[in-house]
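The structure appears below as structure tokens.
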Number of protein chains: 2
Amino acid sequence: MAKKRKTTIKDIANVLNISPAAVSKALNNDSRISDKTKKAVKQVAINLNYQPNHLASALRSGKSNLVGVVVPRTNSNFFSSVIQNIEEVLNKEGYNIIITQSNESYEKECRNIDTLLFTQVDGIIASMANETINLEYYEKVKAKGIPLILFDRGENDLNVDYIGIDDYTSSHTIVEHLVSQGCKRIAHIGGFKHTRIFNNRIRGYIDALKKHNLPLDEELLIECDLSKEDGSKKMEQLLALENRPDAVYVAGDYAALGALQVLNGRNIKIPQEIALVGFGNEPFTAMVTPSITSVEQHSAEIGKRAALTFLEHTKKETITQTLNKQILDAKLIIRDSSDKNN
Amino acid sequence: MAKKRKTTIKDIANVLNISPAAVSKALNNDSRISDKTKKAVKQVAINLNYQPNHLASALRSGKSNLVGVVVPRTNSNFFSSVIQNIEEVLNKEGYNIIITQSNESYEKECRNIDTLLFTQVDGIIASMANETINLEYYEKVKAKGIPLILFDRGENDLNVDYIGIDDYTSSHTIVEHLVSQGCKRIAHIGGFKHTRIFNNRIRGYIDALKKHNLPLDEELLIECDLSKEDGSKKMEQLLALENRPDAVYVAGDYAALGALQVLNGRNIKIPQEIALVGFGNEPFTAMVTPSITSVEQHSAEIGKRAALTFLEHTKKETITQTLNKQILDAKLIIRDSSDKNN
DNA sequence: TACATTTGCTTAATCGTTTAAGCAAATATA
DNA sequence: TATATTTGCTTAAACGATTAAGCAAATGTA
């Protein structure tokens with residue numbers, strides 16, 4: 001099949017003996033075009049299988065109708081669910097989304113942002129890589145004058161919208177749950193403090209211990225990148241202690257899984273000897289043995305809100321980016337790994 | 001910060017008192033521009049923080065440098081790994097990718113294709129939804145004259161490139177492994193026959209049974225959509241039989257997981273009473289108890305080849321889409337769920 | 001020296017749309 | 001009836017790049 005020249009607005013104009021401008025307006029339902037002409041134009045468009053050239057209209061109107069999404073990875077239920085919900089909301093409004101993944105690399109993340117700006121997206125919705133420490137690069141987005149919305153990783157002091165859960169309170173809830181199960185030496189395998197959400201989880205952990213008059217043992221508070229491998233490593237580190245913990249709260253499900261495998265491998269009874277809690281409510285937490293208690297992060301809600309926040313920006317003319325943090329309540333899902341009454 | 005007008009090629013031209021055309025050529029390293037001018041242009045471009053307008057160049061040159069990717073979902077290790085590798089190869093060549101997910105819905109898949117065509121992508125790499133029966137919609141892509149490359153789901157008789165694993169032989173390998181473990185009544189929870197790859201797995205299963213002189217029991221051959229829920233349901237169906245199977249080969253890991261949970265729930269010994277094999281080598285197969293034997297599909301290799309295949313198309317002028325199937329050998333990863341000698 | 005070629009740029013058209021400005025005819029208003 | 005407004009279109013410029021064609025100056029060749 002030879003490459004046919006695509007039908008353009010001009011072809012339609014020729015058929016009807018009107019100007020291309022009239023055709024454009026007819027297709028966009030301009031009020032100054034008669035219904036008769038509109039109908040005729042639309043019919044011819046169908047007949048000729050007219051497909052609008054998105055590039056041309058984007059170039060002229062300055063709007064690409066594309067929204068860029070940056071995530072650490074798509075291969076996680078949390079992020080893919082967020083993405084799916086962003087897509088659902090934005091598709092309805094005529095936007096398409098471009099997904100890019102940073103693979104937890106700061107460098108890739110920067111390149112992704114460049115890619116998106118290069119592609120002339122109308123906005124960016126992002127969650128940062130673990131590595132990302134400063135938000136300087138994101139200034140580029142703001143400088144371009146397009147909306148920037150951060151979620152999950154990326155709570156900030158920039159004048160940028162943010163949507164996430166209440167990590168501080170979640171930590172409280174977790175510690176309180178473990179205390180109610182009779183645990184007295186609760187360890188925390190956390191993320192790096194430089195990421196706000198992980199810092200919040202750590203602060204919540206520390207404050208909750210205080211509240212329950214439990215001493216804070218520095219040996220029991222560990223930072224890592226929360227990969228599954230790191231979870232295993234840090235768990236072994238905890239097991240090597242003279243005075244082992246009787247509960248471990250891991251700030252990420254993948255790392256919790258790594259920890260679980262170490263415990264299972266050593267035939268340590270969960271939760272009797274050591275109780276375990278993860279974070280994120282990834283589907284596998286319900287699948288493994290024992291199932292892992294975790295925290296539901298409301299991925300669907302976060303995705304929807306991120307999209308809606310973007311849409312709001314597009315609606316108001318003024319570019320008054322006022323700090324707008326939306327913090328959702330998280331929910332503890334109690335499973336076998338921490339439920340001693342079962 | 002007010003929305004600044006972006007610097008264009010014209011601004012650079014003004015600074016240097018040369019024509020915009022010269023600037024364009026300098027930036028594109030045209031041989032007819034002196035090194036001196038090139039250097040000057042590039043310096044000014046940096047000074048003014050020039051960002052090329054992708055839409056404009058795409059419109060003029062007819063190339064968007066965008067490749068569309070369609071997958072059933074990103075939330076699976078197989079697909080996200082394929083995507084990652086496509087991205088890696090294409091980024092190097094200056095292409096960016098747009099990811100869309102069909103969520104296993106034919107209708108959404110069609111909308112995705114429209115979206116991509118609308119966005120003027122230079123090519124499409126796709127894996128079809130389970131629901132997708134005919135490839136008619138994909139004709140639109142071919143009609144537009146841009147390369148179409150299918151992988152995994154989508155082996156076809158269209159004149160379209162395809163990259164996948166050898167499903168027929170994989171089934172043989174699985175059945176032979178189970179036979180070697182002493183299994184005699186091997187069930188198959190498969191995908192729908194209308195999808196070529198699942199049909200191939202079913203054919204492989206049937207032929208392998210024959211080869212080993214095992215009777216084909218229609219009760220032991222079940223088609224479903226291979227969701228986790230379906231896996232559980234079909235496993236229960238098999239357990240309800242008077243003459244239960246002593247091995248179950250499930251054509252997808254998620255469904256295999258569903259089956260596993262049913263078996264575990266009934267305290268049926270795996271693999272002693274019933275051996276279990278999945279397909280896809282999703283990471284959780286190694287994580288659950290017992291770990292699930294599965295088939296590695298070479299997602300990385302498939303992604304790379306898909307990207308390279310696209311690039312080849314862009315290089316040759318002629319649009320001779322000749323049928324080009326690349327079939328890779330799959331690899332059986334034996335784990336606890338089918339290893340009786342452990 | 002005379003002519004051909006190469007170098008280094010400019011001019012202007014173009015990609016397919018949108019849109020500001022304008023204009024004639026139809027309709028409304030005074 | 002005379003003027004103002006609305007309707008329904010056209011013309012032409014614009015979005016920001018690329019590129020074919022052209023041209024003068026520099027360089028090469030005989």
For this session: Determine, step by step, whether B:S80 and A:Q101 satisfy the side chain to side chain donor-acceptor pair (under 3.5 Å) criterion, reporting the C-alpha distance in whole Å, the side-chain angles of both residues, the deciding distance to 0.1 Å, and the verdict.
Result: CA-CA 10 Å; B:S80 82; A:Q101 27 186 355; 5.5 Å; no
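- When each of D:dT19, C:dT19, D:dC23 is scored by its nearest atom to the side-chain atoms of B:A21, the top-ranked nucleotide is D:dT19.
- For the pair B:F118 and A:N96, the minimum side-chain heavy-atom distance is below 4.5 Å.
- Panel note: side chain A:Y50, backbone A:K6; no donor-acceptor pair is recorded below 3.5 Å.
- Rounding to whole angstrom units, CZ of residue B:F118 and C1' of C:dG16 are separated by 13 Å.
- Side chain A:K25 to base C:dT17: no donor-acceptor pair is found below 3.5 Å.
- Counting any heavy atom pair closer than 4.0 Å across all strands shown, B:S19 reaches a base atom.
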For this session: Report the C-alpha distance between A:I302 and A:D152 in whole Å, list the side-chain angles of each, state the deciding distance to 0.1 Å, and finish with yes or no for side chain to side chain contact (heavy atoms under 4.5 Å, CB included).
Result: CA-CA 8 Å; A:I302 289 179; A:D152 191 46; 5.5 Å; no
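- Listed nucleotides C:dT18, D:dT18, C:dT10 differ in distance to B:I9; the shortest reach to its side chain belongs to D:dT18.
- The main-chain N or O of B:N130 is found under 3.5 Å from a side-chain atom of B:H194 such that the two form a donor-acceptor pair.
- In the helix from C:dT1-D:dA30 to C:dA30-D:dT1, the end axes, each obtained as the rotation axis mapping the C1' atoms of four pairs onto the next four within a five-pair block, lie 40° apart to the nearest 10 degrees.
- At whole-Å resolution of the value, CG in B:N65 and C1' in D:dT18 are 13 Å apart.
- Applying the side chain to side chain donor-acceptor pair (under 3.5 Å) test to A:S102 and every residue at least two apart in sequence or in another chain returns nothing.
- Under the 4.0 Å criterion applied to side-chain N and carboxylate O atoms, A:E104 and A:R153 are assigned as salt-bridge partners.
- For the pair A:R32 CZ and D:dT6 P, the computed distance is 9 Å after rounding to whole Å.
- For the pair A:I33 CD1 and D:dT7 P, the computed distance is 12 Å after rounding to whole Å.
- No option in B:T100, B:N103, B:T132 other than B:T132 meets the side chain to side chain donor-acceptor pair (under 3.5 Å) test with B:E109.
- Atom CG of B:N29 and atom P of D:dA17 are 17 Å apart (whole Å).
- Inspection of the A:E93 and A:T314 side chains reveals no N or O donor paired with an N or O acceptor under 3.5 Å.
- Counting to the nearest Å, the P atom of D:dT7 and the CG atom of A:D35 are 12 Å from each other.
- For the contact set between residues 47-63 of chain A and DNA chain D, defined by any heavy atom under 4.0 Å, the members are A:L59, A:R60.
- Between A:S31 and D:dT7 there is no side-chain N or O to OP1 or OP2 distance below 4.0 Å.
- Checked options B:R305, B:H313, B:K325; the residue passing with B:D161 is B:H313 (criterion: side chain to side chain donor-acceptor pair (under 3.5 Å)).
- Backbone-only engagement by B:S34 is indicated by non-hydrogen atom pairs under 4.0 Å involving sugar-phosphate atoms exclusively.
- Atom CG in B:L27 sits roughly 13 Å away from atom P in D:dT19 (whole-Å rounding).
- What separates CD1 of A:I12 from P of C:dT18 is a distance of 11 Å, to the nearest Å.
- The nucleotide whose nearest atom lies closest to any side-chain atom of B:I18 is, among C:dT17, C:dT10, C:dC23, C:dT10.
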